[in-house]
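Residue numbers start at 1 and run along the sequence shown. Since the model is a prediction, treat every value here as computed from it, not as a measurement.
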Amino acid sequence: MNNTKISSSSGIYLFGRLIPALMGFLSIPIFTRTLGTEGYGTFSLLMGTISLIIVLSTGWLESTAVRFVGRPNIQDEQNYTKTYLYLFLGTILFSTLIALLGFMLFHGSLSEVTRTYLWSAMLGFIGVALFRPAVNYYRTLEIPKKYTFTMVAYSVSRLGLAILLLSTIRATSDMIFYSYFIMGVLLAFLPIKKMIEHAQHAPFKLKMVKEMVTYGLPYIPLLTSAWVFSMFNRFALDIEMGRESVGLYAAAYNISDQSIGFLYMAIMMAIFPRLVKVYEAGSIAETEGLLTKGLSLYAIIIIPAISGFAMLGGELLQLLTSSDFLAASTIIPLLAVNTGIVGFNQYLSKPFELDKNTRTLMGIFVFGSLLNIIIVFPMIHILGLMGAVFSNTISLISIGILLFIRRGNSISIQIPWVIFGKVFIGVIIMISCLFLSDQFIPHGAGWIFLKMAIGIIFYACMILMMGLKRVLLI
């Protein structure tokens with residue numbers, strides 16, 4: 001992938017994130033209306049438990065694969081592929097056995113609801129844990145079309161199967177977890193088969209295992225910190241305010257993440273494999289240039305998305321959920337800001353990852369997550385649902401400040417202040433148009449899309465007038 005293909009690959013990855021995001025949007029009205037606030041809260045907490053087990057087992061392998069497997073030398077690529085395959089299958093088997101042992105040991109102390117859904121949640125974990133590292137192999141080899149096709153097939157088929165099971169068997173969370181298991185196992189087969197074929201004649205080297213493990217294990221506390229920001233506050237809400245508050249928070253958070261998070265991830269997925277190869281080739285200047293270009297794309301795409309979502313997110317929540325969830329509309333603007341900060345911190349983290357300085361990165365994110373754990377309970381006690389969001393905001397900003405202060409000496413990120421300034425001018429005009437349109441266009445289903453179209457058109461015109469089109473064509 002050369003520099004001129006970053007935008008096109010971002011577009012392919014964007015499509016691969018867009019369709020799952022659309023499926024996520026479709027799942028929100030289906031799951032919230034089917035399960036209700038309390039049931040959706042229970043489903044969210046079980047998903048939080050699954051995601052934590054994944055973080056502790058195979059989550060670190062995804063970043064490790066991108067860093068090591070995609071090598072210019074085909075022999076090295078095959079050797080690292082075999083190591084990656086052995087590691088991720090072995091960790092899934094080990095973590096599944098540990099989880100089953102824990103379930104058997106603590107079975108009597110678990111609540112009836114937890115016991116009811118835990119077996120299906122375990123199957124859901126196996127499906128997700130198999131699929132994610134397997135499909136990540138396509139991204140590692142810079143094959144965006146296969147990655148995108150597999151992601152789209154997984155998200156569409158998984159939601160379709162979940163709807164079928166919910167409507168024909170029973171409307172409970174375990175039906176959703178069964179769909180995760182079935183489609184995850186089926187669609188992980190092809191990339192796993194490709195890995196086996198690609199590395200079948202490569203030797204298994206303990207040196208490579210040590211190298212990948214040494215690099216990757218520090219990602220566990222790093223990813224655990226990310227889990228704290230996305231999931232821990234739900235457990236805190238469950239303790240402080242009850243299961244229904246978890247359902248409200250989860251619905252608003254998921255809408256924000258599906259609408260904004262997929263945008264910055266598409267850009268990052270296209271740029272990072274190229275960053276690794278350029279950095280390994282010793283071109284520091286080109287590496288810094290790619291980071292700056294990526295940050296420029298981030299500003300042009302994400303900042304207006306955050307602003308528009310902050311204004312229209314309440315209407316979107318009303319469109320996607322039942323009236324029981326409308327109390328969550330107050331937290332959507334701040335959730336949108338938090339999602340944007342997470343994306344910006346991703347860029348500030350890249351110099352540490354390229355330098356293999358994951359220990360410093362780990363320390364910064366662990367500090368932020370511990371800060372969140374410390375302040376979330378008093379914040380919820382004082383501000384209620386908003387407190388759970390605001391504690392994240394404070395912690396994420398602290399991480400961004402530390403990343404900027406402690407950034408590596410070999411790679412620096414040049415923040416494109418001129419582009420940021422032009423984007424903010426365009427966003428102000430876009431927000432003004434949205435505010436005026438809100439005075440004349442009624443609220444309700446369908447009208448929100450007209451308002452979105454108006455905002456996008458005015459912002460696009462401003463981008464063209466200020467000469468930022470060239471940035472989108474890098």
Side-chain angles (χ1 to χ4, degrees), residues 6 63 66-67 215 218-219 221-230 260-261 263-265 267-272 274-276 278-279 283-307 310 334-375 389-424 427 471 474:
I6 291 177
S63 296
V66 175
R67 185 65 184 84
Y215 174 83
Y219 271 98
L222 184 65
L223 293 171
T224 304
S225 301
W227 178 89
V228 168
F229 289 116
S230 63
I260 298 174
L263 290 172
Y264 74 73
M265 282 302 298
I267 301 170
M268 187 55 66
M269 284 191 296
I271 289 178
F272 191 51
R274 175 61 183 166
L275 276 172
V276 171
V278 170
Y279 180 76
S283 180
I284 300 299
E286 189 177 355
T287 302
E288 293 175 349
L290 282 174
L291 280 170
T292 302
K293 289 174 181 179
L295 197 55
S296 300
L297 280 173
Y298 176 87
I300 293 174
I301 295 172
I302 304 302
I303 293 176
I306 294 170
S307 305
L334 193 55
L335 279 171
V337 172
N338 286 357
T339 306
I341 297 173
V342 170
F344 187 73
N345 287 348
Q346 288 280 326
Y347 282 93
L348 296 180
S349 301
K350 293 311 165 193
F352 296 91
E353 295 181 34
L354 292 171
D355 283 338
K356 300 182 182 179
N357 190 6
T358 50
R359 286 183 174 83
T360 301
L361 201 60
M362 174 192 70
I364 293 173
F365 276 86
V366 167
F367 168 79
S369 62
L370 289 175
L371 177 62
N372 181 74
I373 292 172
I374 292 169
I375 68 176
V389 186
F390 196 56
S391 67
N392 264 359
T393 308
I394 296 172
S395 303
L396 289 169
I397 290 174
S398 71
I399 287 175
I401 293 172
L402 288 173
L403 288 172
F404 187 77
I405 293 173
R406 296 293 304 275
R407 62 191 186 278
N409 295 323
S410 61
I411 304 172
S412 63
I413 299 179
Q414 302 297 323
I415 298 178
W417 294 110
V418 174
I419 291 176
F420 269 73
K422 291 181 178 181
V423 167
F424 277 115
V427 166
V471 179
I474 61 173

With rounding to the nearest 0.5 angstrom, report the [atom1] to [atom2] distance, [X] to [Y].
X: I401; Y: L348; atom1: CD1; atom2: CG; answer: 11.0 Å
X: L291; Y: L295; atom1: CG; atom2: CG; answer: 8.5 Å
X: S230; Y: L223; atom1: OG; atom2: CG; answer: 10.5 Å
X: I399; Y: S369; atom1: CD1; atom2: OG; answer: 7.0 Å
X: F367; Y: N372; atom1: CZ; atom2: CG; answer: 11.5 Å

Whether F344 and F420 hold their rings parallel, tilted or perpendicular, with breakpoints at 30° and 60°: perpendicular

Suppose we screen for side-chain contact (heavy atoms from CB on, under 4.5 Å). Which residues come up paired with I375, at least two apart in sequence or across chains? L371, M379, S391, I394, S395

Partner residues of S349 under the side-chain contact (heavy atoms from CB on, under 4.5 Å) criterion, sequence neighbours left out: E353, L361, F365, L403

If the condition is side chain to side chain donor-acceptor pair (under 3.5 Å), which residues does S398 pass it with, not counting sequence neighbours? none

A quick test of your reading: do over 12 heavy atoms of other residues, nucleotides or ligands sit less than 6.0 Å from CZ of F390? no

Looking only at atom types and distance, does a side-chain atom of N345 sit under 3.5 Å from a main-chain N or O of L396, one as donor and one as acceptor? yes

For [X] versus [Y], what's the shortest heavy-atom pair and its separation?
X: I397; Y: I341; result: CG1-CD1, 3.9 Å
X: I419; Y: S296; result: CD1-OG, 3.4 Å
X: A336; Y: A310; result: CB-N, 4.4 Å

Pair up each side-chain donor or acceptor in residues 300-307 with any protein partner under 3.5 Å, not counting sequence neighbours, and list the distances.
unit_1 : atom_1 : unit_2 : atom_2 : d
S307   : OG     : I303   : O      : 3.0

